[in-house]
Every structure is written in C-alpha cells, then in structure tokens.
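This report refers to the structure that appears directly beneath it.
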Amino acid sequence: MKKSTGYKDKKFSNARMLWEFLKGSKLFYIMTVITVMISSAADMLSPQVVSFTVDAVIGKETVNLPDAAQKLVDAVGGVEYLAENLWILALAIVAIAFVSAIMRYFFTVFYTKAAETTVLTMRNSLFTHIEHLPFSWHMKNQTGDIIQRCTSDVDMVKRFLSEQLVSIFRIVIMLVLALSFMFSMNVKLAFTALLTMPVIIAYSALFHRMIGSRFEECDENEGKLSAIVQENLTGVRVVRAFGKESYEKDKFARQNNFYCGLWEKLGTVMSAFWCSSDFISGLQVMLIIVIGAVMCTKSEMTAGQYIAFISYNSMLVWPIRQLGRMISELSKASVSVKRISYILSSETEKDKPGAIEPDMNGDIVFDHVSFAYDNCPNILNDISFEIRAGSTFGILGATGSGKSTMMYLLDRLYDLLPENGRITVGGVDISDISAKWLRSRIGMVLQEPFMFSRTLEENIGITADKAELPEIREAASIACLDETVEQFANGYDTFVGERGVTLSGGQKQRAAIARMLVGKKPIMVFDDSLSAVDTETDAKIRAALAEKTAGSTVILIAHRITTLMHADKIIVLDKGRVAEEGTHDELVAAGGLYAKIYSIQTGMLSDADSAEVK
C-alpha cells in the first residue's frame, strides 16, 4: 500500500505547520495586532502630555512641538489658556487612557477568539489525522502519551500563539516607539538604556537551550504518567481482582516523584533565568534614574523630559522582564510543536492511485502469505488456502498461531508487502481495493469486543449510517441478546459503561455480533466471538446465523470444535502454517491434530493420550 506523506510534506518546517493551524483565525490575529498597535501608541502619548505640562504649561519653558501638536494647542487657546485650565490636560490624559482601555478590551476579545479557533483547528487536525493512521502505528504508541500530546501539548502551543506571539508584536511596537521618543529627548541617556540589551540576548540564548531540553524531558515523562493512569483506569477490574492496588500505587508514585523532580530541576533553571532578568532590569532602571538626575542638575534635560524618559524606560523595561517568560514559553512551545509534529508527520493510510471498488462476493484466496510484526519472527509462513464465496470457513489453531493476524491482513489493518504473498477477493488483490470500500464490506467481531460509553442501541447500531430500532432488535435477536436486553430496566437505552464494563463477557460478545449483523456484509468474520457464551447459546446463535448469513462468506475462528464442525471447510494452523485442511468428517478421519483436539474436547482420549498431545 502506498504511503502518504502525512499531514504535511516532511520538507515543511514547524513554522509551516503552525501557519496551517492558523487557518480560520488569521483575521482575529490581525485584529489583535491592530488593537495592540493602537493601545501601545496611546500609552506612548501620556508621557508626552505630562512632559509638555511640566515644561511648557507649568515651567513656562519654550518647547518645540510637532506641527500637528502645536496646531492642537493653538486650537484650544494656547499655552496660557491651558495654564489657567489644567483640567483640559487632565481630560486629555483620561481620554488617552480610555482609548487604550477600549483597545485592550478588543485586544482580549480578538486574541481569545484567535486562540480558541486555533485550538479548534489543531484538535480537529490531530483527531482526523490519528483516525487515518495505520493500525500498526497505534500498536507502537501508548494511548496515554497520545492523549497527552493532544491535550497538554496543544494547550502549550495555544498559549504561545495566543499570548507570547502577540506579545512579540506588542514588544516590538513598544520598543520602536519608546526608543524613538527616548532618542528624540536625549541620545546619551537612550544609549545608556540600551547597554543591557546585548547581555540579555546572550544569556537568553543560553537559557533557551537549557530550558528546552529540560522541558522536553518533563513532557515525555508526563506522557508516561498519563499512560500509567490510562492503563489503570481501563484495567481497574483486573487490578482489584488480583489485589494489586499497592503495586500500582507504588508504580505511579515512583513515576510521579521522578516527574516532579524533573519539574523542580526545571524550576531551578527558570528561577535563575528570571532572577538574572530582574537584576539586570533593576540595574538598568537605577542607571537611568541616577544619570538622568545628574543631567537635570546640569541642565542637559528638563524636568518634564526626565519624567517622560523614566516613563518610557519603564515601558522598555517591561519587554526586558517579559523576555524571561517568553524565552521559557518559547522553549516549551518548541518541544510541544515537535511532539505534535510527530503525530502529524506520521504517514497515514492511503490507497493506490486508481483504487477500485469491486464486487466483494467472490472467492477469497490467500496465496503464499507470510507475515511478521516489527522486530518479531514470522507469525505466518507461506500460508495458502481458498475460501469459496458464500461458504462457511472454519479456522482452528493454538494461541499465537496467526488466526487473528490473517483476518487483520484481510481487512488491511496491516500491510502485506508484495514479496510476502497476496490476498485476493474475486481475483482482485486487496491492495488494489479502496480501504474504505473493503472494510465497509467486511464485518468483523473481534476477539476482544469493544463497547463505547453509549447506550446499547447506539453501540449495536454504530456500524450503520442510520439503524432503526427494529433492525437493531432483529440483529440482537439473532445474537440471542434481545431477551436479555428486555430484562434491563432501560432496555436498549441502557447506558454501557466504559469498554462495556456493565456487561458480562458473553453479553459483550453477543452485542458485538449484533453490531456486525446490522447491515448484511458480503464477508463476515467471527474471531473466537462465542468463547464467552455457553454451549447451548452457542448452538442457538450458530443456527440463527446460518439463516441470517445465507449468501455471505462466513469465516469462523474458534478453539471450540463444536463451533466449527458444520463449516463447509476447515483449516488447522500450527506454528504459522496450514497443518490440515478439509471438512470436519475428513479431518476426524485423517487422525491428525484436528482429530486429537476433537477427541480431547469430547472426552474420548485417555489421560495418557491427552498428556501426549500436550
């Protein structure tokens, strides 16, 4: 099967992936930047009004104003009029503050919408991509770790995009405006304010790498912790049944303590970073205050300019102090982006070009099929057999002989390489068939039936686009489940707990059979799906299935020979090979492995013979 390149081509950078996440929220981010620009510009005007008031209005000094500002002063009556009506200047400062407040309000609205829209896109992209990843990928990755990548890591990227990325624009705007005003007032003092910038850039780059590596380790261990919790919640009945609460608690505590220790180490590094940033920022403020005061005594700058300069320097210090948080968040976000990228760059299933949708009522042929899971020896060795269309085919074999694996290959849950044989349906190689078409026409009842946290009606009808209750009840009746459901207080509206925890093993198997029967499939696979029901119920279900599945190709996998004995053909697997093949009577008459297993199950062998077979 041809592999796709995943969500993004591998030559795309993480920045390109983030750009894809911004689809649908770019306008909100643009509006966020605009409101930030207006708010920052308004913040910059207040010190100028204060400086003008102190020097020109109160101090009666001559101040050179820009043409636009001078015209505005003349329009309200000039400096003399303002000196007699200081409330006008106070009102101007209030108006500027009001504009800034309004812009901050819209900034919060827009960046919140941008953030949530981005998260919506990220989660949809991740979920859709995960749904199309191969079955083998899911077997290699722990569920808890996947969940952690889709929750904590997504939230980390969200915070960076919605808060830190916007802060970058705000910091750039404030730096440009503040430095422009500062250089226009006093070049020497402005250069003094910039002295600390090279130092900040140097140690920020150093801490960025340290924080990033430590956070990556924390993030990976959070995934391990999530996996432990997920496994324990899923297997809580097993833990309780074997009294392993203390063992699992200690296992969790060890991982939790290790995880907390990693965060403590990271906290130590981040504390050193923030303290260094605060120290340098405080030193810079002290230098500006002292040097500025000396300049005022030497008449190198006015009192109003001094006040305004300190105000602008405070605006300059804020980005410097904020840089510490931004660096740490950037380090964390880069790790989270990499972990999310691992999922989105994983190759999804993809059909061959020109995949077809043939009739699925033909013969099924396994032609010299061999298969091995990753880093494992072959579980199937040169398997060849034919399943006639519309027949019932039985498969018998010991645990680990490859029975279920063959069905996974038939359903293309695992890829079969060309050199490892081929599987055909009606003469068409399944690798040439659309995966969606193939799977929609193969009904499978898996060895371990999975129930969703929904009602029984929803669980049974989930395989059909729209299944009505009469159709669901008919399928449940064939699976000998209808009478049992009628005894439930809520009937088919009974809510099934996580993984069907409220149902017995036999009830889950029968519900899974009913689910597969909703909407008749050309090919039906029953993978040891009657192991948890009693012999009498087994016989009833098989009799009902024989009538319901008439015309369909039925594959029965079982350890119980009574389940297989009426099949049109049976194969016996032994160590990944077809050891025997034939009807029940033929296999019993042959006196081979099938006959010995049949004798054991019917109690015809002596204890010595039974021991010999084992």
Distance from Thr117 atom OG1 to Phe110 atom CZ, nearest 0.5 Å?
-> 12.0 Å
Where is the tightest heavy-atom contact between Met451 and Ala511, given as atom of each residue plus distance?
-> SD-CB, 4.0 Å
Between Asn459 and Tyr492, is any side-chain donor less than 3.5 angstrom from a side-chain acceptor?
-> no
Any chance the side chains of Thr405 and Tyr414 put a donor and an acceptor closer than 3.5 Å?
-> no
Lys/Arg-Asp/Glu bridge criterion (N-O < 4.0 Å) met for Lys158, Glu116 | yes
Side-chain ion pair, Arg454 and Asp493, N-O less than 4.0 Å | no
Residue among Asp429, Ile383, Leu410 satisfying side chain to side chain contact (heavy atoms under 4.5 Å, CB included) with Ile423 | Leu410
Candidate pair Glu458 and Arg515, rule salt bridge (Lys or Arg N to Asp or Glu O under 4.0 Å), full reasoning | CA-CA 9 Å; Glu458 291 172 321; Arg515 177 166 61 193; over 6 Å; no
What residue among Leu517, Leu481, Ile513, Val485 forms side chain to side chain contact (heavy atoms under 4.5 Å, CB included) with Ile460?
-> Leu481
Distance, nearest 0.5 Å, that separates CD of Gln601 from CZ of Arg560 = 8.5 Å
Do the two ring centres, one from Phe28 and one from Tyr111, sit under 6.0 Å apart?
-> no
Look at the side chain of Arg339 and the backbone N and O of Ile146, then say whether any donor-acceptor pair between them is shorter than 3.5 Å.
-> no
Report the distance from atom CD1 of Ile395 to atom CD1 of Ile571, rounding to the nearest 0.5 Å.
-> 4.5 Å
Within 45° of the six-membered ring axis of Trp437 and under 6.0 Å from that ring's centre, is NZ or CZ of Arg441 located there?
-> yes
Just checking, is any N or O donor in the side chain of Thr484 or Gln507 under 3.5 Å from an acceptor N or O on the other one?
-> no
Are any of the side-chain heavy atoms of Ile343 and Cys150 separated by less than 4.5 Å?
-> yes
Less than 4.5 Å apart, any side-chain heavy atom of Val229 and any of Phe252?
-> yes
Does a donor on one side chain sit under 3.5 Å from an acceptor on the other, for Asp482 and Ser477?
-> no
Closest heavy-atom contact between Ala435 and Asp351?
-> N-OD1, 3.0 Å
Heavy-atom side-chain contact between Asn232 and Lys251 under 4.5 Å = no
Can you find a side-chain donor-acceptor pair between Asp527 and Tyr408 that sits under 3.5 Å?
-> no
Does Arg149 pair with Asp145 as a salt bridge, N-O distance under 4.0 Å?
-> yes
Evaluate whether atom NE2 of His559 has more than 12 neighbouring non-hydrogen atoms of other residues, nucleotides or ligands under 6.0 angstrom away.
-> yes
Below 4.5 Å, heavy atoms only, C-beta onward: do Leu469 and Glu457 meet side chain to side chain?
-> yes
Examine the side chains of Ser136 and Tyr373 and answer whether a donor and an acceptor come within less than 3.5 Å of each other.
-> no
Flag if over 12 foreign heavy atoms under 6.0 Å of NZ, Lys265 = no
Phe135, CZ atom: more than 12 neighbouring heavy atoms under 6.0 Å = yes
Is Arg473 salt-bridged to Glu468, going by a charged N under 4.0 Å from an acidic O?
-> no
